[in-house]
Amino acid sequence: MDKKLATRLIDVCEGRAEADLLVTNCKIVDVFNKTVFEGAVSVVDGHIASFSPEVKAKRTLDAKGRYLLPGLIDAHCHIESSHLSPAAYSDLVVAKGTTTVIADPHEICNVAGLDAMRYMLLASEGLPLSVYLMFPSCVPATDSEHAGAVLLADSVAAMIGHERVLGLGEMMNYPGIAAALPFVMDKLECAYQAGKLIDGHAPDVKDRDLDAYAACRIRTDHECSTPEELTERIRRGMYVALRQGTACRNVLDLLPGVNADNASRVMFCTDDCQPQSIMENGHIDYAVNLAIGAGMKPERAIAAATLNAATCYRLADRGAIAPGLRADFILSPSIEHIVADEVFISGNLVAQGGRILKPAAHIRPEKVSGMMDVASFDESRLALPLKSDRARVIGIIPGSVVTENLVEEVRRDADGLFVHDDGLDILKIASIERHHGTGNVGVGLIKGYGMKRGAVATSISHDSHNIIVVGSDDKDMAVAVKELIATGGGITMVQDGKVLMTHTLEIAGLMTDRDAHTVYEELAKMHEIAYGQLGVPKDIDPFMTLSFMALPVIPALKITDSGLFDVTAFSFTDINP
């Protein structure tokens with residue numbers, strides 16, 4: 001707000017000047033009082049001026065009795081998980097009524113470091129969607145694998161002052177907090193000195209450890225799994241983001257812990273959401289509708305998705321329909337089930353009937369494309385010698401990113417090398433380092449993927465995003481890896497030495513500039529092939545499941561480019577039990 005804008009708003013309210021837009025005959029959702037009132041909303045210079053229907057305006061829109069509610073806010077997301085560039089992501093989620101996101105570019109920064117942070121800031125500048133970033137706190141997530149970058153306190157200090165960087169991203173290193181490790185505390189100090197916020201990520205942290213975590217003024221958590229955990233975090237002054245993403249969904253699980261007294265400390269987020277989920281179910285509107293359907297008062301659910309998030313992240317210019325705030329709003333025919341009939345940003349109609357009216361401009365992804373530096377890879381690197389017919393195996397749990405640490409009977413050839421047996425549902429899995437040409441290849445075994453013949457590979461493998469490949473045959477696995485190296489990253493499927501289909505992700509091997517509908521159609525076809533031709537069971541997402549098999553911070557057994565990692569013991573382990 002400045003004097004010029006304030007004067008314009010006053011003049012419109014007092015009838016001395018015309019508003020740019022007057023929306024009449026609408027039911028206005030008051031997220032402060034948690035009520036609805038009938039009236040009008042006038043807009044000038046992108047901001048709300050008055051509720052008076054008597055205001056003069058250059059243009060009038062009859063809402064025809066629809067509900068007018070604030071633009072929705074995603075309290076925590078990774079844009080990269082959508083496979084889309086910031087511009088394409090904006091087109092997709094704005095059409096669903098989301099007008100602001102708090103994004104943590106943790107994934108792309110693990111590939112390209114500060115260059116990735118600069119790209120995300122540049123590529124999200126001037127979009128219809130307001131994109132605020134949190135500087136990733138854990139790059140890499142652990143030292144048990146090789147990421148593309150290492151971002152320490154000096155990197156945080158270099159960029160945390162940017163006006164669209166709201167603070168330090170999700171602090172996943174909660175053991176580092178509990179131990180007060182100097183390099184972790186140095187990152188926190190950057191946020192303290194800049195007067196910025198700190199996001200949390202604290203699954204299963206409790207009691208004194210949670211006290212220590214909250215004492216560092218870590219403001220949020222989106223990793224609650226029970227109503228009791230939600231209550232404990234709110235008790236310590238934290239905000240809790242109820243998550244409804246593609247793989248992790250806990251809105252309905254946590255709602256029993258939300259009541260009239262603590263609802264102001266609750267927000268909604270998507271965390272990781274693929275285009276299929278957004279196009280078929282929705283974005284933040286989906287979470288809000290789930291909550292309302294489960295019995296949450298609509299005005300309270302809408303406040304959680306707007307005012308609460310804006311308050312948490314100190315975005316004082318949005319989050320409600322009130323004089324002086326940004327004119328980011330939605331017109332919906334119902335308050336019991338939100339539908340973004342029309343979406344306005346800064347008072348301008350940007351989406352209608354679930355479609356963006358004008359696609360956002362894309363920014364050339366310089367310094368974050370073609371991120372493939374793989375050394376000394378060939379089929380021989382996938383050989384897996386075993387000492388006996390029993391081996392340690394990663395066990396997939398359908399619908400979960402948690403795995404089991406199994407010991408299973410396997411088959412070996414005359415040389416003691418693992419060979420696939422159709423009757424055992426045990427496949428080979430490998431992680432190939434792609435950032436620094438180290439030549440590292442970690443090889444292990446996995447159960448529950450279900451594929452009978454062929455290979456699937458992806459350059460999306462949380463959090464370091466090396467190439468991960470699963471297959472029944474070393475030749476097919478090697479073809480898949482080489483396909484990703486040649487294309488610059490993405491997802492590919494191979495059978496009998498032939499590439500069946502490749503979904504190219506030219507931006508850091510994680511994202512693409514193609515539009516959401518194209519990506520949706522490509523991924524739908526990829527899933528059809530994986531289920532129909534490769535035989536992956538339908539209770540397994542063949543690509544998202546694979547992408548989490550290299551994440552050595554989630555139990556129990558994972559594969560990294562340095563080998564098989566026992567997350568429970570937090571150490572590498574031998575495949576021979």
Side-chain angles (χ1 to χ4, degrees), residues 110-111 140-149 370-387 391-394 403 410 412-413 415-420 426-447 449 451 454-494 497 499 508-510 543 545-552 557-567 571-576:
N110 260 289
V111 176
T142 73
D143 59 4
S144 58
E145 56 183 342
H146 294 84
M371 308 298 289
M372 285 287 170
D373 184 5
V374 179
S376 307
F377 177 79
D378 58 36
E379 184 180 330
S380 68
R381 302 298 309 280
L382 299 171
L384 182 59
L386 299 173
K387 294 179 181 178
R392 200 176 306 279
V393 176
I394 299 168
T403 63
V410 296
R412 297 183 297 160
D413 66 12
D415 296 320
L417 299 177
F418 170 82
V419 291
H420 174 65
I426 295 176
L427 299 165
K428 191 175 290 184
I429 187 169
S431 176
I432 297 93
E433 196 277 324
R434 71 160 170 121
H435 305 297
H436 306 292
T438 64
N440 277 18
V441 178
V443 185
L445 298 173
I446 191 165
K447 180 178 182 179
Y449 196 76
M451 184 168 56
V456 177
T458 178
S459 53
I460 306 169
S461 63
H462 302 280
D463 277 329
S464 291
H465 298 293
N466 290 306
I467 295 173
I468 189 167
V469 59
V470 62
S472 62
D473 175 85
D474 288 0
K475 179 181 177 181
D476 282 353
M477 292 173 72
V479 170
V481 171
K482 290 176 181 178
E483 169 74 0
L484 292 186
I485 295 170
T487 59
I491 304 169
T492 192
M493 297 176 291
V494 173
V499 175
L510 303 175
F543 314 123
T545 298
L546 186 57
S547 74
F548 281 101
M549 293 302 104
L551 182 55
L557 191 64
K558 296 296 169 70
I559 187 71
T560 79
D561 67 294
S562 296
L564 201 58
F565 194 77
D566 183 333
V567 182
S571 62
F572 288 99
T573 188
D574 197 326
I575 196 166
N576 299 287

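Within the structure, side chain to side chain donor-acceptor pair (under 3.5 Å) contacts touching residues 476-494 (residues at least two apart or in different chains) are E483-T502, T492-T502. Applying the side chain to side chain donor-acceptor pair (under 3.5 Å) definition to pairs two or more places apart or across chains, those involving residues 377-387 are D378-S380. Under the salt bridge (charged side-chain N to carboxylate O under 4.0 Å, His left out) criterion, no residue pair touches residues 459-468, with sequence neighbours excluded.
With contacts defined as side-chain heavy-atom distances shorter than 4.5 Å, the pair F377/I467 does not qualify.
Under the side-chain contact (heavy atoms from CB on, under 4.5 Å) criterion, T403 pairs with I394, M549, L557, K558, not counting sequence neighbours. Evaluation of the ring pair (Phe, Tyr, Trp, His ring centres under 6.0 Å) rule for F565 yields F570, F572 as partners, not counting sequence neighbours. Under the side-chain contact (heavy atoms from CB on, under 4.5 Å) criterion, A391 pairs with L386, V410, L445, I575, sequence neighbours left out. Under the rule for a side-chain contact (heavy atoms from CB on, under 4.5 Å), the partners of S431 that lie at least two apart in sequence or sit in another chain are N466, I559, D561. Listed by chain and residue number, nothing satisfies the side chain to side chain donor-acceptor pair (under 3.5 Å) test with S562 (two or more places apart in sequence, or in another chain). Listed by chain and number, the residues in a side chain to side chain donor-acceptor pair (under 3.5 Å) with K447 are E408 (sequence neighbours excluded). Taking the side chain to side chain donor-acceptor pair (under 3.5 Å) definition, one finds that S571 meets it with nothing, sequence neighbours left out. Take H465 and apply the ring pair (Phe, Tyr, Trp, His ring centres under 6.0 Å) test, not counting sequence neighbours, and it matches H462. Legend: residues meeting side chain to side chain donor-acceptor pair (under 3.5 Å) with D474, ordered by chain and number and at least two apart, are K428.
Without hydrogens or angle criteria, D415 side chain to L417 main chain gives no donor-acceptor distance under 3.5 Å.
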